[in-house]
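Notes follow the structure.
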Amino acid sequence: MRIVPVLDLLGSQVVRGVAGRRDQYRPLQTRLIEGSDPVSVATAIRGAFGLSQFYVADLDAILSGTPNWSILQALCDDRFSLLVDAGIRRSQDAGPIFDSGVDQVVAGLETLESPRELAELVRRYGPGRIVFSLDLRDGEILSNGSAWPHRKPLEVAKCAFEAGCTQLIVLDIARVGTRGGVPTLGLCEQIRRPFPTVTILTGGGVRGIEDLRTLDRAGIDGVLIASALHDGTITPSDLAAIGERPV
């Protein structure tokens, strides 16, 4: 199982995400380093945990349409592998993100206009470079308007696979940073049964090593983590115990 550290960017800093209340996000405080500079935080995580693949939620792009281009470029130049959610709405929005050196672009349900745009993304860039994010809040889908024909999470996931996606993030933003457990496990298992070859990542609410072991036993391919790494509730030895392979 992969561990994918999260960088939430807001105001060109790494912020601490809590329960999806973005107006309350504050600059990150971490036991790893002083400050919240994105490249420095990523470098500290790589040094401590041996992890080089990061999920970047560019909240400046998601909320105001202004991506942090210089930060994405600097991370790519420093040989980090990035999976980036920059709030794309249409398929053409992905081009400039890939041009910055990003490996994979997230097509998030929260912002993407329609399944048609998702299918066009997969056609243009291939299923290996596009990851669909099934965005939830308290178990309910978080979608951009009425263009998505389904309102139940499992149906939306099936719609994404019909569009050609082979990689899926299942994320309930109401649990991000809460350390209240991962509520999406059951949904991930529901998705896995009819789609055994799909790559599934989840996150939000990870408390510690026991949550990781539960997700690993359930066959989850990867977990997005932020707070537990910065607070020390998950350690390098914990990742070694579950067989995490640095990426």
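FYI, the numbering just counts along the sequence from 1. Since the model is a prediction, treat every value here as computed from it, not as a measurement.
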Given Thr66 and Asp60, is the side chain to side chain donor-acceptor pair (under 3.5 Å) satisfied, shown in steps?
-> CA-CA 6 Å; Thr66 308; Asp60 291 304; over 6 Å; no

Can you check side-chain contact (heavy atoms from CB on, under 4.5 Å) on Leu136 and Leu134, steps first, answer last?
-> CA-CA 6 Å; Leu136 309 169; Leu134 179 53; 4.3 Å; yes

[X] side chain to [Y] side chain, donor-acceptor N/O pair below 3.5 angstrom:
| X | Y | answer |
| --- | --- | --- |
| Ser81 | Asp103 | yes |
| Thr235 | Asp238 | yes |
| Asp135 | Ser133 | yes |

Of Leu83, Asp85, Ile97, the one forming a side chain to side chain contact (heavy atoms under 4.5 Å, CB included) with Val105 is Ile97

Quick check: does any side chain N or O of [X] sit under 3.5 Å from a backbone N or O of [Y], one acting as donor and the other as acceptor?
| X | Y | answer |
| --- | --- | --- |
| Arg90 | Glu113 | no |
| Asp58 | Pro67 | no |
| Trp148 | Leu112 | yes |
| Asp221 | Ile200 | yes |
| Thr111 | Ile88 | yes |
| Asp172 | Ala174 | yes |
| Arg192 | Ile220 | no |
| Thr202 | Val170 | yes |
| Glu110 | Gly87 | no |

Residue among Gln29, Arg31, Arg16 satisfying side-chain hydrogen bond (donor to acceptor under 3.5 Å, both in side chains) with Asp231 | Arg16

Decide, yes or no, whether a salt bridge links Glu120 with Arg123 under the criterion of side-chain N to carboxylate O below 4.0 Å.
-> yes

Can we say Arg89 and Asp93 salt-bridge, meaning some charged N sits less than 4.0 Å from an Asp/Glu carboxylate O?
-> no

